[in-house]
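Report on one structure; see the data block that follows.
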Amino acid sequence: MAAISKHVDPASVLHTDGAQFYKGLWNVAGHRSVNHLKGEYARSENGVSVNVNTLEGFFSVFKRGMVGDLPECQRPSPV
């Protein structure tokens, strides 16, 4: 995971789902998570919204583009 650590600012506070994969993975200022298995998708923690909805929405659009649903995002066809 050195490639990820290289691109994540140490002052960042990461918001992830509850997957064990993320625990202790990076040297960052903080890590907050939501537990989808318990039906938690967003919560307030000290006045800050903890969620991954923005990222999941971005990847949803990105993936649709890669399979051809969004023409402006399609992979170039091989020549």
- Item | Considering all heavy atoms, the nearest Ala29-Ala11 contact | CB-O, 3.6 Å
- Indicate the atoms forming the closest heavy-atom contact of Asn51 with Ala42, along with that distance. CB-CB, 3.8 Å
- Message: Checking His31 against Thr16: is there a side-chain donor and acceptor pair closer than 3.5 Å?
- Response: yes
- Message: Tell me every residue that passes side chain to side chain donor-acceptor pair (under 3.5 Å) with Asp17, counting only those two or more places apart in sequence or in another chain.
- Response: none
- Query: Is there a side-chain contact between Val8 and Val28 (heavy atoms, below 4.5 Å)?
  - Reply: yes
- Counterpart residues, salt bridge (Lys or Arg N to Asp or Glu O under 4.0 Å), relative to Arg32 (two or more places apart): Glu45
- Of all heavy-atom pairs between Val50 and Val34, which one has the smallest distance, and what is that distance? O-CG1, 3.4 Å
- Query: Listed by chain and number, what are the side chain to side chain donor-acceptor pair (under 3.5 Å) partners of Ser12, not counting sequence neighbours?
  - Reply: none
- Non-neighbouring partners of His36 that pass ring pair (Phe, Tyr, Trp, His ring centres under 6.0 Å), sequence neighbours left out: Tyr41
- Message: Once rounded to the nearest 0.5 Å, what's the spacing between atom OG of Ser49 and atom CZ of Arg43?
- Response: 9.5 Å
